[in-house]
Amino acid sequence: MKNKIFALIDCNCFYASCEKVFRPDLKDSPVVVLSNNDGCIVALSKEAKNLGIKRGVPLFKSRGIIEKHDINVFSSNYTLYGDISARVMKTLTLFSHDIEIYSIDEAFLNLTDFKHIDLVKYAQKIKETIYKCVGIPISVGIGETKTLSKLANKIGKKYNKFDGVFNIVNHPAKEKIFSFFDVSDVWGIGFEYTKMLHKNNINSILDLVNADDVWIKKKMTIKGLYTVWELRGDSCIDLEKYIPDKKNILSSRSFGSPVTSKKELAEAIAYHITLACESLREQNSVCSFITIFFSTNRFKENEPQYMNAKTMPLLTPHAYTPDLINTAHKALDLIYKSGYKFKNCGVVLGGILPLSHRQLALFDDHGIDYKKTNIIKAIDDINDSYGKEKIITGAFKYNKSWAMRREYKSPNYTTNWNELPLVKA
DNA sequence: TCTGGGGTCCTAGGACCC
DNA sequence: TCTGGGGTCCTAGGACCC
């Protein structure tokens, strides 16, 4: 399809920007945000980037530079980021109802209907509005396809003179731009494909655009071919306007400190089942099998290593937390070995289908167990209204010995009455 | 001492069926 | 005992994304 226009809106350094919204004192200060368990640096403000800090590096390796420059460190606060993200997305719908929320900090807008107005001005208006209403800086890239809008966004962000907005639609210097950027800058070309393309002397985006279709399909599957077509201006990847149901739901986490007993591991697994089940019921689905897994710390080469996983089928697909915990604990009995220091564990709910589609087992005379359905619905309602984990199963405790570290967490400014920001006038 | 978590899609190959 | 083609379903592995 030709003649479409897409915009990709991307929140700049999203997590770090969220931490700054209610901390005006940090406006021009370096900020970094850590992964779960305060492990790695996953987001940095531009001031932190300028100091040479890198994304993905473990916190302990950056300690020196953090202390030297007095950098502000935050544990990740997904409650806050999720709420601010929702505000950004809602504000974006003022500018086009044709929107795909692509991730927590990105959205595609279909701007085809706006092709006769000054798109750069329109994008600047979007940017100003989001900053004014939500306090988050964004960049906007505009292109004939989603892939091109991603590239345009990267360009707008990279060069200060564009002020975060770049339009590549019918750009007179498109070929020059393509020859300037590397294939790795393209959405959909990751580390492995970059290596492969470079080896075959395809280095710039221009080389890729001029590559042979049959060869691309053979080497990079149909998806790679779509990427190339999109770079040529032919839109193959459409907006996904509704959020599809998840096909797998995973909950896993590293432990705050090593776990050495089966009891603790069983508690942690019960906790993950609880989380995963909540999100399963949220989409009105049931699962047909569950997988549990755990492992020791692979970075500790001198300690004994053991990792294992076990999948258990369910006779009748369901989403009832206590029964799933029982099944998970049976799986644990089958593969647990003592004498190890475990570092993480998790569960996957698979074979997910809508509640309405579930097949009952041949001899399952109850079909739907209304008592269980009502109990779990009541628990969900209470937890929704009064806050997470107000009612939990006895299979894990409130004071989780294995819980993750979050030493530097900011308040939930926007979602908890007790943590509202204070303004002194 | 300290190294994230949560997803999707595509393809090849094997098992099985008619 | 050996032979053929066509199809589906499932799974593992590999790639990608944020």
Side-chain angles (χ1 to χ4, degrees), chain A residues 8-15 32-43 54-64 66 73-78 81-82 85 100-108 146-147 150 153-154 183-197 216-227 230 236-237 240 243-258 271-272 275-276 279-280 283 288-289 291 293 295-301 303 309 311 313 341 343-352 404-408:
Chain A
L8 185 266
I9 283 84
D10 181 305
C11 300
N12 301 343
C13 332
F14 183 55
Y15 296 170
V32 300
V33 178
L34 306 176
S35 63
N36 281 334
N37 244 333
D38 294 345
C40 293
I41 293 172
V42 290
K54 294 273 180 265
R55 187 179 191 271
V57 175
L59 175 63
F60 73 91
K61 286 191 180 169
S62 307
R63 277 283 184 215
I66 284 172
V73 176
F74 289 94
S75 303
S76 42
N77 181 349
Y78 289 104
Y81 311 151
S85 170
E100 171 186 343
I101 297 170
Y102 177 65
S103 71
I104 194 166
D105 69 333
E106 285 180 47
F108 289 101
K146 284 165 89 174
T147 305
K150 276 284 232 184
N153 186 288
K154 194 168 261 193
V183 287
S184 59
D185 289 310
V186 175
W187 183 48
I189 312 260
F191 183 74
E192 293 298 325
Y193 283 157
T194 298
K195 246 187 354 193
M196 184 280 292
L197 289 168
I216 290 291
K217 180 159 184 234
K218 190 169 146 238
K219 291 287 198 177
M220 301 168 65
T221 81
I222 189 70
K223 291 190 88 176
L225 188 55
Y226 287 157
T227 296
E230 286 237 324
C236 318
I237 310 171
E240 288 176 26
I243 301 166
D245 281 349
K246 288 175 190 157
K247 296 172 180 174
N248 294 289
I249 295 173
L250 181 144
S251 178
S252 88
R253 221 148 278 170
S254 302
F255 302 126
S257 49
Y271 174 69
H272 289 302
L275 289 185
S279 102
L280 182 63
Q283 66 174 43
S288 330
F289 54 86
T291 303
F293 59 89
S295 71
T296 47
N297 189 342
R298 65 194 159 95
F299 291 102
K300 299 201 167 172
E301 289 168 13
E303 288 184 3
T311 300
K341 290 182 183 170
K343 176 60 188 164
N344 76 341
C345 76
V347 309
V348 186
L349 309 185
I352 291 178
M404 65 177 173
R405 271 191 306 279
R406 289 173 102 182
E407 214 176 304
Y408 316 99

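These numbers come from the heavy atoms of this one structure, side chains and all, not from hydrogens, waters or symmetry mates. Just so it is clear: chains get the letters A, B, ... in the order the sequence lines come, proteins before strands, and each one is counted from 1. Computed from a prediction, not measured in an experiment: that's the story for all the values here.
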Open item on the list: Rounding to an integer number of angstrom, what distance separates B:dC16 and C:dG4 when you compare their C1' atoms?
Closed with: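 Each nucleotide's C1' atom is 16 Å from the other's.
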Once you round it to whole Å, what is the distance between [atom2] of [N] and [atom1] of [X]?
| X | N | atom1 | atom2 | result |
| --- | --- | --- | --- | --- |
| A:Asp38 | B:dT3 | CG | P | 10 Å |
| A:Glu407 | B:dC2 | CD | P | 14 Å |
| A:Lys154 | C:dC18 | NZ | C1' | 13 Å |
| A:Met404 | B:dT3 | CE | C1' | 16 Å |
| A:Lys54 | B:dT3 | NZ | C1' | 18 Å |
| A:Phe191 | C:dC18 | CZ | P | 16 Å |
| A:Ile189 | C:dC17 | CD1 | P | 8 Å |
| A:Asp10 | C:dC18 | CG | P | 9 Å |

Open item on the list: With a 4.0 Å cut-off on N to O distance, would you call A:Lys341 and A:Glu303 a salt bridge?
Closed with: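 Salt bridge: yes.
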- [ ] Indicate yes or no: does A:Lys154 engage A:Asp185 in a salt bridge with an N to O separation below 4.0 Å.
- [x]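 Here A:Lys154 pairs with A:Asp185 in a salt bridge, since their nearest N and O are under 4.0 Å apart.
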Open item on the list: Please give the stem ranges for DNA chain B, sorted by first residue number, where a stem is three or more consecutive Watson-Crick or G-U pairs and both donor-acceptor distances are under 3.5 Å.
Closed with: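 Paired runs of 3+ in DNA chain B: B:5-18 with C:5-18.
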Hey, does [X] reach any base, or is it just sugar-phosphate, or nothing, if we go heavy atoms under 4.0 Å?
| X | answer |
| --- | --- |
| A:Lys195 | nothing |
| A:Ile104 | nothing |
| A:Asp105 | sugar-phosphate |

Side chains of [X] and [Y]: closer than 4.5 Å at any heavy-atom pair?
| X | Y | result |
| --- | --- | --- |
| A:Ile189 | A:Ser184 | no |
| A:Lys217 | A:Ile222 | yes |
| A:Tyr78 | A:Asn36 | yes |

Open item on the list: Students often mix this up, so state it plainly: with edges at 30° and 60°, are the rings of A:Phe108 and A:Trp187 parallel, tilted or perpendicular?
Closed with: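 Because their plane-to-plane angle lies in the 30° to 60° range, the rings of A:Phe108 and A:Trp187 count as tilted.
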Task: Sequence-aligned protein contact record of nucleotides 4-15 of chain B, with B where the base is within under 4.0 Å of a protein heavy atom and S where only the sugar-phosphate is - done: SSSSSSSS----
Task: Selected nucleotide, minimal atom distance to A:Trp187 side chain, candidates C:dC18, C:dC16, B:dC2 - done: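 In terms of side-chain proximity for A:Trp187, the closest of C:dC18, C:dC16, B:dC2 is C:dC18.
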Open item on the list: For A:Thr291, run the side-chain contact (heavy atoms from CB on, under 4.5 Å) check against A:Leu349, A:Asn248, A:Val348, A:Leu250 and tell me which one passes.
Closed with: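 Testing each of A:Leu349, A:Asn248, A:Val348, A:Leu250 against A:Thr291, the sole residue satisfying side-chain contact (heavy atoms from CB on, under 4.5 Å) is A:Val348.
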Task: Nearest-0.5 Å distance, OG of residue A:Ser252 to NE2 of residue A:His272 - done: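 Output value for this atom pair is 6.5 Å.
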- [ ] Determine, step by step, whether A:Phe74 and A:Tyr408 satisfy the ring-ring contact (aromatic ring centres under 6.0 Å, His included) criterion, reporting the C-alpha distance in whole Å, the side-chain angles of both residues, the deciding distance to 0.1 Å, and the verdict.
- [x] CA-CA 5 Å; A:Phe74 289 94; A:Tyr408 316 99; 8.6 Å; no
